[in-house]
Q: 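Here's a structure for you.
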There are 2 protein chains.
Amino acid sequence: MANVLALASNRGPVTFEITPEGERRQRRGAGGLVTAVSGALREREGLWIASAISDEDRIVAAEGPVTAVLGETRLTVRLVSVPEKTYAAYYDGFSNRILWFVHHYLWDPPRTPRFTEADDEAWGAYQEVNRRFAEATAEAAPPSGVALIQDYHLALVPRYLRALRPDLAIGHFWHIPFAQPDYLGLLADEWSSGLLEGMLAADVLGFQTARWADNFLSCTRSIAGLRARNRTIAVDGRRVRAGVYPVGVNPGHLAEIAAEPAAGAARKELKSWLGDRRMVLRVDRAELSKNILRGLRAYELVLERRPDLRGRIVHLVLLQPSRRSVPEYREYTDACIAEAGRINERFGPEAVRLELADDFPRSLAAYSLYDVLVVNPVFDGMNLVAREGPSLNKRGGVLVLSRNAGAAVELAPAALLVNPVDVEKTARAISDALDMPLEDRRERARRLRRLARGRDPSRWIDAQLRDLERSRG
Amino acid sequence: MANVLALASNRGPVTFEITPEGERRQRRGAGGLVTAVSGALREREGLWIASAISDEDRIVAAEGPVTAVLGETRLTVRLVSVPEKTYAAYYDGFSNRILWFVHHYLWDPPRTPRFTEADDEAWGAYQEVNRRFAEATAEAAPPSGVALIQDYHLALVPRYLRALRPDLAIGHFWHIPFAQPDYLGLLADEWSSGLLEGMLAADVLGFQTARWADNFLSCTRSIAGLRARNRTIAVDGRRVRAGVYPVGVNPGHLAEIAAEPAAGAARKELKSWLGDRRMVLRVDRAELSKNILRGLRAYELVLERRPDLRGRIVHLVLLQPSRRSVPEYREYTDACIAEAGRINERFGPEAVRLELADDFPRSLAAYSLYDVLVVNPVFDGMNLVAREGPSLNKRGGVLVLSRNAGAAVELAPAALLVNPVDVEKTARAISDALDMPLEDRRERARRLRRLARGRDPSRWIDAQLRDLERSRG
């Protein structure tokens, strides 16, 4: 197994900033990937290629590779810096407004998408940044090394990288759902076939669940005319394997953060606010795929139909602001806030408490306190909240979970599964959860905790590396 | 082959009305199905079960079976009458607002659908009307006869009918697209599995193209856990075959209507209005799946980028009002009218001429005159406009055709295919069509006419009957 692992992801493990004292400081990057990967890097030399995002990142990028420290892990970080306009077109314009939308089924086809020349330019920027990532990876990766490319931002990197460095074993992991061909076909042809060609240049393609891997393979069949056998496709004289590697959480790492003072203070405050009321919790990015509006409506239906619960339950909605530069996100977040306000008008000022903040310790504190956790995304690659919550909960909390979240594959036996668009059934699941006898809830929560903790993030990387070694034959 | 053919469809071959003189009159029903089937019935005794829609229909229904005359064809019609509220819930509520939407990908998943109790009631009404159709068919069909059930309104009829009359050979034809499983899974579980079970009780299931048949089979695999082999599924000890039977048009019948005075007058009026300008034509129901908004925008882009064409081309948009009782349809139609108005504000009062009327002879007149016909549905089972237009056009007209219309399978070699959401490429296709040398256009139009006329509607029924006979073994 390779001793040096080259990782490429849009968001790096650290970001740089200038303190008020004028000194450069490293800050741990946000996002689930850093958590998932940092454990795996403890036993390997790591090289991480990521975008320069902050102003200071751009200065660091110009200076060359830099050493980053993550807990016990040291790794070399190379930041890829492109003009801000190019970055915005690649990141917001193409990755988030187009690829994210298509793979989560977020369009309204009679009206959206309506692609314009700006979208063609965004595709150009996407290609350019992917090429830059491939060049940076090609320069830094050791001979016959392994490169693991992350997610939908960098789907073209395998193709560019293979051309530059045919000696490397290349993996690509797709963290989000993969759309079925009718829907992917809504992209301009050049984009959908470019996406598939880019990915098919990897040796191993990783997906969160069999469902998304199979959707990818349906697309290669329908759009690129390539058939798979045992999830393996022969292309250009190579074999590409689509594997399933579900991402897990690191309960030890979560427990550490939950034990820090910030989480302790939040827990105390939330507990005193809660009193003897019961808590229905949501923790999410403020994101269209998360189905926050239907979640609020389902909670409202519970209050509507169960007068006995009014004043005795609260809905804590912790939303992390997301992609504020994309108009669809601002509108959606505003609609969620308005919906919460409307429910409070109707059922009292504390029926819903919606907080818009980026406060991970507070989320961990809330996890320990919920009676019901609502995770109802329309579509979701995995969803780590569904694993984090049950890992930390201490109240025999019940998980109401969308069957379209990747996490449902493993958590189904101990969760209440719902069709995310079915608000009636979601409301029923929430009230069923509240009505469940304590002993049943505790038993269910124990099983759920075991399932939720059952995926070690370092095994996630290990499994991919094994399959990459095998692909070398 | 059976001499009596029992057909069931929501809309019958005739509808009844009272003349100003107080007499009952039969009027030929609208819709492509009547056209497609009437030819096939010339050689068979026909029994047609359909919904009572007009007030007079309900009175006729109470009197029992009635004889209808369609050209040279005589058939027995039995009208199924249910209370108006039940009919509205079955027809608008479930068939058109739910089944039509899901199979054409017309939702905006972050926001719609949001099912309520009214939708559960609509599902109840849908079941009830389907049961009534099954009962009427069971009563009237001769022993060991053949029943052909039509379309998404009546997907449960095969199941109810098989229980009542196991001696019948049952076919079901699905006229519209069939969604892929991720999207169909947005229905409440009871509905999606009810739909699949209902259809799987037929002996032969018909689809317009292999694409929709395969989508259906993906759904039976993902949702009902049933795998197909050679498009055949074993279920309950029976074998169900999913076949492909593309619906065609009857050029002779079209030519007859086009030769009538109404069409002649319309042709004269349109020709004098047109003068020496060239015509870009659209003929459609005012329907969300038809992609009228993007079509108007594409035409606007042509005017924007080609000042030389301004004043020299016109866009005639003939929209047939559709489902005016469904709010989404009214809103969409209004948006189309507003968009046309906006373009005329910008490029002159005759840049777009949008007419909202139900006038088939006028559409046929327009077909003979277009230079470019735009048929760009987001998704469409077949689309008969794409066949009717080229069958009647006399100006070497070019067809710009969505690749998501079933008609694209056969017409592709002689049409300009577009991705329907790609407004840029659609605009380019329209201006390419206008720029094409006359000789090329004529040659292309000749090939297109041959392809468009190449499907005889009576062969459509014959092929299904053959496969049904074969299914009996």
Side-chain angles (χ1 to χ4, degrees), chain A residues 101 103-117 119-120 177-192 211-212 214-215 218 221-222 287-294 297-298 301 328 331-332 335 377-379 403-404 417-425, chain B residues 101 103-117 119-120 177-192 211-212 214-215 218 221-222 287-294 297-298 301 328 331-332 335 377-379 403-404 417-425:
Chain A
F101 271 61
H103 289 294
H104 289 86
Y105 296 88
L106 298 181
W107 282 322
D108 177 18
R111 295 172 186 83
T112 63
R114 193 184 276 191
F115 300 126
T116 67
E117 281 177 333
D119 298 306
D120 280 322
F178 205 96
Q180 294 188 317
D182 278 351
Y183 210 82
L184 189 70
L186 297 178
L187 293 184
D189 294 5
E190 197 190 337
W191 309 344
S192 53
R211 178 178 181 181
W212 312 136
D214 290 339
N215 282 0
S218 306
R221 191 170 57 237
S222 294
E287 217 301 308
L288 283 84
S289 70
K290 300 300 182 186
N291 208 18
I292 301 162
L293 290 172
R294 285 197 193 81
R297 175 64 189 147
L301 276 180
E328 288 88 339
E331 282 162 27
Y332 187 75
V378 183
F379 289 95
R403 66 176 179 205
N404 289 342
L417 281 208
V418 294
N419 171 349
V421 309
D422 196 330
V423 172
E424 293 282 337
K425 295 255 171 66
Chain B
F101 271 62
H103 289 293
H104 289 85
Y105 295 89
L106 298 181
W107 282 323
D108 177 19
R111 296 173 186 83
T112 63
R114 193 184 277 190
F115 300 127
T116 67
E117 281 176 335
D119 298 306
D120 280 323
F178 206 95
Q180 294 188 317
D182 279 351
Y183 211 83
L184 190 70
L186 297 178
L187 293 184
D189 294 5
E190 198 190 337
W191 308 345
S192 53
R211 179 177 180 182
W212 313 134
D214 290 339
N215 283 0
S218 306
R221 190 169 59 235
S222 292
E287 217 302 309
L288 284 85
S289 69
K290 300 300 182 187
N291 208 19
I292 303 162
L293 290 173
R294 284 196 193 82
R297 174 65 188 145
L301 276 180
E328 287 88 341
E331 282 162 27
Y332 187 76
V378 183
F379 289 95
R403 66 175 180 207
N404 289 340
L417 281 207
V418 294
N419 171 348
V421 310
D422 197 330
V423 173
E424 294 281 337
K425 294 254 171 67

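Residue numbers begin at 1 in each chain, while the letters A, B, ... track the order of the sequences. All values below come from the heavy atoms of this structure, side chains included, with hydrogens, waters and symmetry mates left out.
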Q: So which of A:D214, A:L293, A:N404 has the biggest tally of heavy-atom pairs under 4.5 Å with chain B?
A: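 With the most close heavy-atom pairs to chain B, the winner is A:L293.
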Q: Measure the spacing between CG of B:N419 and CZ of A:F115 and express it to the nearest 0.5 Å.
A: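 Here the rounded value is 7.5 Å.
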Q: By a 4.5 Å heavy-atom criterion (distance strictly below it), what part of B:V378 contacts chain A: side chain, backbone, both, or neither?
A: side chain
Q: Please classify the contact between B:L301 and chain A as side chain, backbone, both or neither, with a heavy-atom cut-off of under 4.5 Å.
A: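 Answer is neither: B:L301 stays 4.5 Å or more from chain A.
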Q: Name the option with the most non-hydrogen atom pairs under 4.5 Å to chain A; the candidates are B:A188, B:S218, B:P113.
A: B:P113
Q: Quick one, A:D119 and B:E424 - any side-chain contact, counting heavy atoms below 4.5 Å?
A: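 Of all side-chain heavy-atom pairs linking B:E424 with A:D119, none is under 4.5 Å.
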Q: So which heavy atom on B:R111 is nearest to which on A:Y332, and how close?
A: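 Minimum heavy-atom separation between B:R111 and A:Y332: NH2-CD1, 3.8 Å.
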Q: Between chain A and each of B:N291, B:T112, B:V423, B:D189, count heavy-atom pairs under 4.5 Å; write down the option with the most.
A: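 Between B:N291, B:T112, B:V423, B:D189, the count favours B:D189.
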Q: Just to verify, what does A:R221 make a side-chain hydrogen bond (donor to acceptor under 3.5 Å, both in side chains) with, not counting sequence neighbours?
A: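 Checked A:R221 against side-chain hydrogen bond (donor to acceptor under 3.5 Å, both in side chains); zero matches.
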Q: Taking only distance into account, with no hydrogens and no angle test, what donor-acceptor pairs under 3.5 Å do side-chain atoms of residues 178-185 of chain B form with protein atoms, sequence neighbours excluded?
A:
unit_1 : atom_1 : unit_2 : atom_2 : d
B:Q180 : OE1    : A:D182 : N      : 2.9
B:Q180 : NE2    : B:N215 : OD1    : 3.0
B:D182 : OD1    : A:R211 : NE     : 3.1
B:D182 : OD1    : A:R211 : NH2    : 2.7
B:D182 : OD2    : A:Y105 : OH     : 2.6
B:D182 : OD2    : A:N215 : ND2    : 2.9
B:Y183 : OH     : B:W107 : N      : 2.9
B:Y183 : OH     : B:W107 : O      : 3.3

Q: At a heavy-atom distance under 4.5 Å, which candidate from B:H104, B:R297, B:K425, B:E117 has the highest pair count against chain A?
A: B:E117
Q: Can you measure from CG (A:D422) to CG (B:D120) and round to the nearest 0.5 angstrom?
A: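 Answer rounded to 0.5 Å: 7.5 Å.
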